[in-house]
Protein chains: 2
Amino acid sequence: MGEAIELDETDRRLLRLLQAEPELTLREVGDRLGLSHTPCWRRLARMREAGVIEERRHIVDPVAAGFEIIVFCAVRMNGHSRAHLEEFEAAVGRIAEVVMCYSVSGDHDYLLKVLAKSIKHYESTVKNALVQLPHVLSISTSVTLREIKNTTDVPV
Amino acid sequence: MGEAIELDETDRRLLRLLQAEPELTLREVGDRLGLSHTPCWRRLARMREAGVIEERRHIVDPVAAGFEIIVFCAVRMNGHSRAHLEEFEAAVGRIAEVVMCYSVSGDHDYLLKVLAKSIKHYESTVKNALVQLPHVLSISTSVTLREIKNTTDVPV
DNA sequence: GTTGAAAGGGTTGCTGT
DNA sequence: ACAGCAACCCTTTCAAC
């Protein structure tokens, strides 16, 4: 998105407030910060412009929506040419059950987070699709047992 | 939150639409689905009640906010009594830089995602705090090199 | 399910500092 | 450049049907 910008303490307080209480109106935010709502709105617009803050998102709970299985996959590749990696990454982008993918340093090449309706769904659909991609050497799966914490909040 | 509920195809279309285009107004959503805005609102209220959909959240970009380092930590514990685990989990809840924590099956006990402003910040502040917690046996760190995908969207 | 309306938030132009 | 004021438009919400 936009250029890198400096955040002053008021910007950070604003972000903290909005992350902690997402349903606050700008007028309420202004009251808490000792400002009127307009400067708050302008600061937000500036931060949105710069890509610091994105559109407000509707958060769906995977479990309540029927995705009871959450697994992490560590993927190892057998070749690291640009073309190989791009092919894998494009495929990951197309698989909706893969909700997160980072390339990582260390023992593995990629770390993925995958949602599935059941173990069977994960094994037969998602893992199968991933293993069959070219240049994938191995996938080691960690099944999550319990969610302790999962937040989108950044500790600004 | 609420009780488990059944989602019909209209509910799922609604969720898909709102996840894909979070800024749509209820009237626009209604138009797309061939409904007026009121039933859309009623369905959303019901899903919110049931915990399927949460408050709309403001999403802050960690990198744009100065958190350039994202790491995953696999934590191994040396005791698995309820008290040990609860102590660790409570600590994790208090550390704002830890944005995600799952207990997992397999080689490790917990998998964490951590935001930090620098490697130094991660090592000296976050990792240090974690290692010093009682009953933590080892922490192995994977530094992320690049984000390929990271979405809150559930593939309903 | 629909229409219609009250309440109130987001947005913007203008003004003052 | 940044804050505040006032007004408009539009969304959310909730009647009544």
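Below, chain A is the first sequence line, B the second, and so on; all start at residue 1.
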Query raised in the report: Between Y102(B) and Y110(B), is the gap from one ring center to the other below 6.0 Å?
Result: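 Between Y110(B) and Y102(B), which both carry aromatic rings, the centre distance is not below 6.0 Å.
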Query - Inter- and intrachain pairs under ring-ring contact (aromatic ring centres under 6.0 Å, His included), touching residues 15-71 of chain A, at least two apart - result: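 Passing the test, one end in residues 15-71 of chain A: no pairs.
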Report task. Scan for ring-ring contact (aromatic ring centres under 6.0 Å, His included) pairs involving residues 113-145 of chain A, sequence neighbours excluded, and state none if there are none. Result ->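 Output for this query lists H84(A)-H135(A).
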Report task. Please name all residues satisfying salt bridge (charged side-chain N to carboxylate O under 4.0 Å, His left out) with E23(A), sequence neighbours left out, ordered by chain then number. Result -> R56(A)
Query - Set of salt bridge (charged side-chain N to carboxylate O under 4.0 Å, His left out) partners for R27(B), sequence neighbours left out - result: none
Report summary line: Readout for nucleotides 6-17 of chain D: B = base within 4.0 Å of protein heavy atom, S = sugar-phosphate only, - = neither; 5' to 3' it is BB---BBBB---
Report task. Mind checking R46(A) for me? I need base, sugar-phosphate or nothing, with any heavy atom below 4.0 Å counting as a touch. Result ->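 Counting heavy atoms under 4.0 Å across all strands, no contact is made by R46(A).
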Report task. Could you identify which residues cluster with L35(B), counting Ile, Leu, Val, Met, Phe, Trp and Tyr as linked when any side-chain heavy atoms lie under 4.5 Å apart, either directly or through a chain of such contacts? Result ->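 For L35(B), no cluster forms, as it stays isolated from other hydrophobic side chains.
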Query raised in the report: Remaining members of L145(A)'s ILVMFWY cluster at a side-chain heavy-atom cut-off under 4.5 Å?
Result: none
Check side-chain contact (heavy atoms from CB on, under 4.5 Å) between [X] and all other residues, then give those that pass, not counting sequence neighbours.
| X | result |
| --- | --- |
| V60(A) | A65(A), L15(B), Q19(B), V52(B), V154(B) |
| I69(B) | V71(B), A116(B), I119(B) |
| R12(A) | L7(A), E9(A), R16(A), V156(A) |

Requested in this report: With a 4.0 angstrom cut-off to heavy atoms of chain A, pull out the first and last contacting nucleotide of DNA chain C, in 5'-to-3' order.
Outcome: dG9(C) to dC14(C)
Report task. Treat a base pair as Watson-Crick or G-U wobble with both distances under 3.5 Å, then lay out DNA chain C in dot-bracket form, 5' to 3', with | for cross-strand pairs. Result -> |||||||||||||||||
